[in-house]
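Let me begin by presenting the structure, written as structure tokens, before commenting on it.
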Amino acid sequence: MVSDTPMAGRAGNLPAEVTSFVGRRREVAEAKRMLSVSRLVTLTGVGGVGKTRVALRLAGKLHGAFADGVWLVELSGLQDPALLAHEVSGQLRLDDTSSRPHAEVLAEYCAGRRLLLVLDTCEHLVDQCAALAQTLLRAAPGLHILATSRRPLNIPGELTLAISPMSVADPVCDAVALFAERAAAMVPAFALTADNRDAAARLCRRLDGIPLALELAAARLRVLSVEQITARLDDRFRLLTCGGRAGPDRHQTLRTAIGWSHELCEPGERLLWARLSVFAGDFELEAAEAVCADERLAADTVLELLSGLVEKSIVLREENGAEVRYRMLDTLREYGRDWLEALGELPALQVRHRDLYVRLARECEAEWCGPHQVALRGRLIREHANLRAALDFCLAGPEEAAVGLELAGTLWVLWVACGLTREGRHYLDRALVLHRTPGAVRSKAVWACSLVALTQGDFVVGDSLAAECREYARTADVAAAARAAHASGLAAGHRGDLELGASLSSESVELYRHSGEHGSGMLIAMVDHAMARALMGDFDGAVAVLEQHRAESEKCGELWTRSYSDYVRGLAELGGRRPGSAVSYARASLRVRHQFGEIAGVAASVDLLAWAAAADGQGRRAGRLLGAADRIWRSFGQPQAGCSELMAARDRCERDARELAGDKPFDVAFAEGLRLAFEEAISYALGDDETATDAERPGLTRRELEVAGLVAEGLSNRLIAERLYVAKRTVDAHVEHIFTKLGFRSRTQIATWVMEQRISGE
């Protein structure tokens, strides 16, 4: 049975309710009952009837019944059916980069979990949603799915609940209550009275109790009374139905209500409404001005017109911190798109929309290797739906394929640095098939696709793409040659030929320098070179390359590749038997990778911290970290990204930790790590609030021990702050605490003490 018992530490992504929930008790109760007897329930009904709102209310009530969370997957902005499983995985934060079928990976992830998926707006992907639902439900007995769709999924075991319009039986019905609440939100002085209650009830009956239609009508109260709205709407219904309505056609009612709202808009507002329909998901004011303005609609009028649409509830305003964005409900966007097609403007607006997001991709790539990477990542993620729409438009046929190939290649930052590896592979593969003309644009896209394929462990395709890079580079510029050597070196390293990988990566770095491109490509190649050397056991050679990388990255304020560099430096320090230093670098890497939302990078850094703990004699801590990393890897799909050397290192760590702690204490610690939630695991790995254990000096926190180790290396407080990505004043405070707790007066005393601790621990 499904219950709504509260549960601490609830997982999921349900949005907060921003308006009151009125009525619908029967529907919520019935849907809950259905979910207790079936693992798939679909809420059906016309657009605007409130399916999503009922689903979200029910999902919120059931949150405590699902230990692994309740997850909303909004599908209205997704047009490519091939990305359905990818979209679900993204909402579940399943960061799998392998080339295995995504539905298969998703099924494995769900198999041992108890969770509720809310698939919202399935009607345009109904066949694909049905197939995915069947796959997941077969594999995962603890999974329940609550779907909303204008038509059922029609698969075995599905129960459907038709969400009807709200009751309009009398002047105190739910529809009138909803209208009154929304009216008061628009006009605070509004209240139902004996004078206007009957008119409000008549209005609600005219609108068949459809919530969206009621909300649109309520928005008109800023300029009209209830009686005036009702009279105007009565006129419109009589006009459209030639004086009679043979039964309540709900879809026609909603279209009528929207059309009435459309007619009451100013001409400029109507035109903007139609043009805004090209945006997928939400958008910002500057984007609306860039895409929608022309000789018919001046740029300096867009803000005023947009404000008018917000006031009329056609466009929704959403505030996130200092940023304001806008969006339209699906039904209103569809209406606008129909008008845009009728005006003959749809192709031109799609091109303008595409051009805007091509410019955005170019800007983000150009600025990526700099101090604003976190902000740029946020911008790319916010515009993900629109970038996807631009790619879909370009790749719908051969006419726009050249631009689509450029856009897919330019977005390598989104695919590689922002974790959308599978989606990048999907679009790059499509674009490379559609546009085969050799040239700089194709060469760059091939390089990007090779990075993505190799990240997925698809070495055959990665090698083939690297070969195409080399072929083009023979007749092209130095930058193309640099990318070719880079791709070939990465492919060689993944094949296990580390010497060739190191050689080609080194060659790539020099070619990048010669070409004048001291950007992300060169920095990635430097880390690849260092990684190959570290895996070969050449730790000093790896450190030398990484010191060069640090100098280059510090020049431009780059963080993303530096987090990889710090990870490899941690491996090298561990190989050189300096576990304390390895911890410092691993934690520095972890902080940045966490900031970038890189699940695999976080897991790798936590694993490295476990290895360092085992090397430092801390068996129980190593076990707990291994458990925490294991749980994170399970949400990734391919531990250590398939690297055999790193997987072997992890196995060695477990053997060492078991020997240090004993089998039973290790198993207990590992189980404790498995139970840690994502943020708890990161907090534990960083050790900010924990005191020392395993024969370490009592009284010093792990952060203070970390700082003490860096003091022993001769680093100043400023350099320690840079290493740890914290403020210098924070390091100053830690050093003062160390002096006080240990009774020391000089940094030399700290360094001597650290060396004594390391010797005694060997």
Side-chain angles (χ1 to χ4, degrees), residues 539-540 543-544 546-547 550-551 554 562-563 565-592 605-606 608-622 624-625 660 682-762:
F539 304 120
D540 291 339
V543 168
L546 293 170
E547 287 294 337
R550 177 172 286 273
E554 285 179 348
R562 185 167 161 182
S563 72
S565 173
D566 283 337
Y567 171 76
V568 178
R569 180 66 180 267
L571 288 174
E573 294 294 320
L574 195 57
R577 298 187 179 181
R578 296 180 291 274
S581 184
V583 166
S584 297
Y585 283 105
R587 285 178 171 168
S589 175
L590 175 57
R591 289 186 191 95
V592 177
S605 296
V606 174
L608 179 55
L609 286 165
W611 306 347
D616 204 28
Q618 302 174 53
R620 292 190 300 277
R621 179 170 176 80
R624 202 173 193 212
L625 286 166
L660 285 164
I682 290 171
S683 179
Y684 179 73
L686 293 175
D688 290 341
D689 301 318
E690 294 190 3
T691 54
T693 59
D694 290 10
E696 295 169 338
R697 176 78 174 201
L700 290 192
T701 66
R702 287 196 173 279
R703 173 52 63 82
E704 288 164 356
L705 285 165
E706 187 177 11
V707 170
L710 295 173
V711 169
E713 291 183 24
L715 274 66
S716 67
N717 287 7
R718 181 183 62 78
L719 291 175
I720 293 172
E722 290 180 4
R723 175 77 61 86
L724 300 180
Y725 299 102
V726 298
K728 178 179 175 295
R729 63 179 179 274
T730 302
V731 177
D732 294 340
H734 286 313
V735 172
E736 286 300 319
H737 292 161
I738 294 168
F739 281 145
T740 301
K741 291 179 179 181
L742 298 181
F744 293 158
R745 295 185 178 180
S746 71
R747 299 172 81 88
T748 302
Q749 286 178 299
I750 294 175
T752 302
W753 177 82
V754 168
M755 294 307 297
E756 289 173 350
Q757 298 301 306
R758 290 177 179 171
I759 292 170
S760 65
E762 292 179 352

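Just so we're clear, the structure is a prediction, and the values are computed from it rather than from any experiment. Just the heavy atoms: all of them, side chains too, but no hydrogens, waters or symmetry mates, feed the values below.
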### Minimum-distance pair of heavy atoms, taken over all atoms of R550 and Y585
NH2-CE2, 3.8 Å

### Query
Going by heavy atoms in the side chains, are L686 and L590 under 4.5 Å from each other?
yes

### Task
Report yes if the side chains of V543 and R569 come closer than 4.5 Å at any heavy-atom pair, otherwise no.
yes

### Message
Do F739 and I750 have side chains that approach each other closer than 4.5 Å (heavy atoms only, starting at C-beta)?
### Response
yes

### Query
What pairs with A586 under side-chain contact (heavy atoms from CB on, under 4.5 Å), at least two apart in sequence or on another chain?
L608, L609

#### Entry: Spatial distance of atom CD1 (I682) from atom CZ (R591) [nearest 0.5 Å]
11.5 Å

### Nearest-0.5 Å distance that lies between atom CG in L710 and atom CG in L715
6.0 Å

### Message
Restricting to non-hydrogen atoms, name the atom on V606 and the atom on L625 that form the minimum distance, rounded to 0.1 Å.
### Response
CG1-O, 3.5 Å

### Query
Any idea which heavy atoms bring R587 and A685 closest together, and the distance?
NE-O, 3.1 Å

### Task
With side chain to side chain contact (heavy atoms under 4.5 Å, CB included) as the test, would you mind laying out the steps for R621 and R624 before giving the verdict?
CA-CA 5 Å; R621 179 170 176 80; R624 202 173 193 212; 5.7 Å; no

### Summary
What one should report as the nearest heavy-atom pair of A612 and V583 is CB-CG2, 3.7 Å

### Reference residue V711; test side-chain contact (heavy atoms from CB on, under 4.5 Å); the match among R747, E706, H734
R747

### Task
Locate the shortest heavy-atom distance separating L546 from S565; write the atom from each residue and the value.
CD2-OG, 3.3 Å

### Message
To check you understand the geometry: which heavy-atom pair defines the closest contact between S589 and S563, and what is its length?
### Response
OG-O, 2.8 Å

### Message
The criterion is side-chain contact (heavy atoms from CB on, under 4.5 Å); which residues satisfy it with A622, sequence neighbours excluded?
### Response
A613, A614, A657

